[in-house]
**Student:** 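Have a look at this one before I ask anything.
Every heavy atom of this structure was used, including side-chain atoms; hydrogens, water molecules and symmetry mates were not. Both ligands and their constituent atoms are indexed starting at 1 by order of listing.
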Amino acid sequence: MDNQDEYLLNFRGYNFERTLVKMNIVENMDDQEIRDDDVFIVTYPKSGTVWTQQILSLIYFEGHRNNTENIQTIDRAPFFEYNNHNMDFAKMPSPRIFSTHLPYYLVPKVFKNKKVKILYIYRNPKDVLTSYFHYSNLMVILEASNTIETFMQTFLDGRVVGSNWFDHIRGWYEHRHDFNIMFLSYEDMKKDLRGSVLKICSFLEKELSKEDVDAVVRQATFHNMKSDPRANYEDIIKKEIGTRNDQGTFLRKGTIGDWKHHLTVDQNERFDRIFNRNMKNIPLKFIWDINEE
Ligand code: A3P
């Protein structure tokens with residue numbers, strides 16, 4: 001890439017959103033202060049990042065859980081490389097929670113001491129593609145596509161923020177032994193939110209009472225998050241970043257299998273071929289349909 005792209009900034013083979021990325025962080029990754037008890041939510045875009053931010057905010061902060069504090073999830077679990085609100089990370093109390101879309105090879109080297117906890121949330125890429133298509137058309141800072149065919153090509157070529165989906169997940173999975181990492185899928189969270197919250201708590205070594213787990217689960221459902229101004233990103237996308245129209249919302253459908261309403265049989269078969277070729281050695285489980293076990 002020649003780095004003349006209007007929307008993308010390429011650094012060491014990976015695409016960041018040009019206007020939002022903090023290059024002083026990205027270029028000096030190993031100088032960033034990392035604490036042993038830091039927790040990182042790692043995702044490819046449109047895989048459930050904001051959902052996981054809400055879940056971790058509810059798990060870690062009593063004031064979030066009982067609704068006595070009105071702090072947005074983006075300030076509870078800020079994006080590391082974007083730091084949208086220019087927070088002073090050094091002033092955040094431990095344990096700090098961060099969100100990131102970074103590929104495995106750009107994170108600070110100190111992650112390899114396996115202290116930092118990494119929660120990698122992944123989603124079936126046909127739904128990622130579908131969600132990303134709508135999101136790109138909504139947001140002024142992303143390149144719009146007229147048709148899903150055009151976007152599918154752009155997505156498969158990795159000409160999007162986050163670069164190539166296969167590279168992202170394969171990179172993290174193949175290097176999983178270098179990190180203290182847990183993989184969890186969006187679909188698992190959707191099909192069994194309570195079980196997923198418990199798995200996350202166990203990984204994070206956080207013990208919550210049954211009532212607290214109930215409160216986390218209740219406030220992390222799609223329906224309740226959509227009306228929670230701390231978690232629905234309405235102000236962030238409309239007032240801070242900017243949308244092309246007033247119709248779209250960040251929490252769009254929140255379901256499994258919406259790709260079936262978008263991809264043609266031919267597009268789906270092409271996608272399957274590429275998926276099978278790229279993922280044949282990756283035993284992660286993918287769920288493509290809401291009724292699938
Ligand atoms: P859709 O566009 O398919 O609705 P990210 O935060 O990584 O950008 O991912 C955004 C996707 O996660 C959107 O998908 C959004 O609706 C979905 N999402 C957010 N909160 C959710 C929740 N509580 N339950 C299910 N999906 C959720």
Side-chain angles (χ1 to χ4, degrees), residues 16-17 20 40-59 64 72-74 76-82 84 97-102 119-139 141-142 145 148 151 155 160-163 165 168-169 172 183-197 200 215-238 240-241 243 247-263 287-290:
F16 294 91
E17 202 292 316
L20 299 179
F40 276 72
I41 301 166
V42 180
T43 57
Y44 184 86
K46 311 320 292 172
S47 303
T49 326
V50 165
W51 188 8
T52 314
Q53 285 177 330
Q54 168 77 338
I55 293 174
L56 265 56
S57 301
L58 291 163
I59 290 174
H64 203 78
Q72 292 188 322
T73 56
I74 197 171
R76 299 243 186 231
F79 280 94
F80 195 67
E81 68 274 27
Y82 290 107
N84 307 59
I97 309 166
F98 292 105
S99 311
T100 182
H101 297 316
L102 286 170
L119 183 56
Y120 189 97
I121 306 293
Y122 68 99
R123 184 181 191 185
N124 91 59
K126 292 178 196 169
D127 280 330
V128 172
L129 163 77
T130 305
S131 178
Y132 217 159
F133 170 64
H134 290 285
Y135 191 63
S136 301
N137 285 351
L138 179 64
M139 302 303 294
I141 55 160
L142 299 176
S145 297
I148 195 112
F151 186 73
F155 178 81
V160 287
V161 174
S163 291
W165 180 88
H168 197 275
I169 190 161
W172 276 105
F183 290 82
L184 187 67
S185 78
Y186 174 103
E187 293 77 14
D188 277 333
M189 292 176 16
K190 186 76 197 173
K191 290 173 88 87
D192 180 11
L193 184 52
R194 190 184 180 84
S196 301
V197 167
I200 292 171
V216 174
V217 172
R218 189 176 59 250
Q219 295 177 81
T221 61
F222 184 76
H223 180 77
N224 287 339
M225 259 182 75
K226 217 172 153 64
S227 57
D228 184 345
R230 303 173 307 171
N232 64 16
Y233 267 57
E234 283 302 292
D235 281 356
I236 295 163
I237 64 161
K238 298 212 165 112
E240 293 180 25
I241 302 180
T243 53
Q247 276 92 63
T249 50
F250 189 92
L251 272 83
R252 190 185 60 91
K253 284 213 172 153
T255 186
I256 306 172
D258 190 38
W259 60 270
K260 292 183 182 174
H261 304 118
H262 290 79
L263 299 189
I287 296 178
W288 307 93
D289 185 294
I290 189 87

**Student:** If a pair satisfies salt bridge (Lys or Arg N to Asp or Glu O under 4.0 Å) and one of its residues is in residues 222-233, list it, with sequence neighbours excluded.
**Tutor:** Asp228-Arg230
**Student:** Heavy atoms only: give me the nearest Trp172-Tyr120 pair and the separation to one decimal.
**Tutor:** CD1-CE1, 3.3 Å
**Student:** I'd like the residue list for ligand 1, meaning every protein residue with a non-hydrogen atom under 4.0 Å from the ligand.
**Tutor:** Lys46, Ser47, Gly48, Thr49, Val50, Trp51, Arg123, Ser131, Tyr186, Ala220, Thr221, Phe222, Met225, Phe250, Leu251, Arg252, Lys253, Gly254
**Student:** Hey, what's the ring geometry for Phe133 with Phe151, parallel, tilted or perpendicular (30° and 60° as the breaks)?
**Tutor:** tilted
**Student:** I'd like to check the ring pair (Phe, Tyr, Trp, His ring centres under 6.0 Å) partners of Tyr186; sequence neighbours left out, ordered by chain and number.
**Tutor:** Trp51
**Student:** Please name all residues satisfying side chain to side chain donor-acceptor pair (under 3.5 Å) with Tyr135, sequence neighbours left out, ordered by chain then number.
**Tutor:** none
**Student:** Do Phe79 and His101 make the cut of ring centroids closer than 6.0 angstrom?
**Tutor:** yes
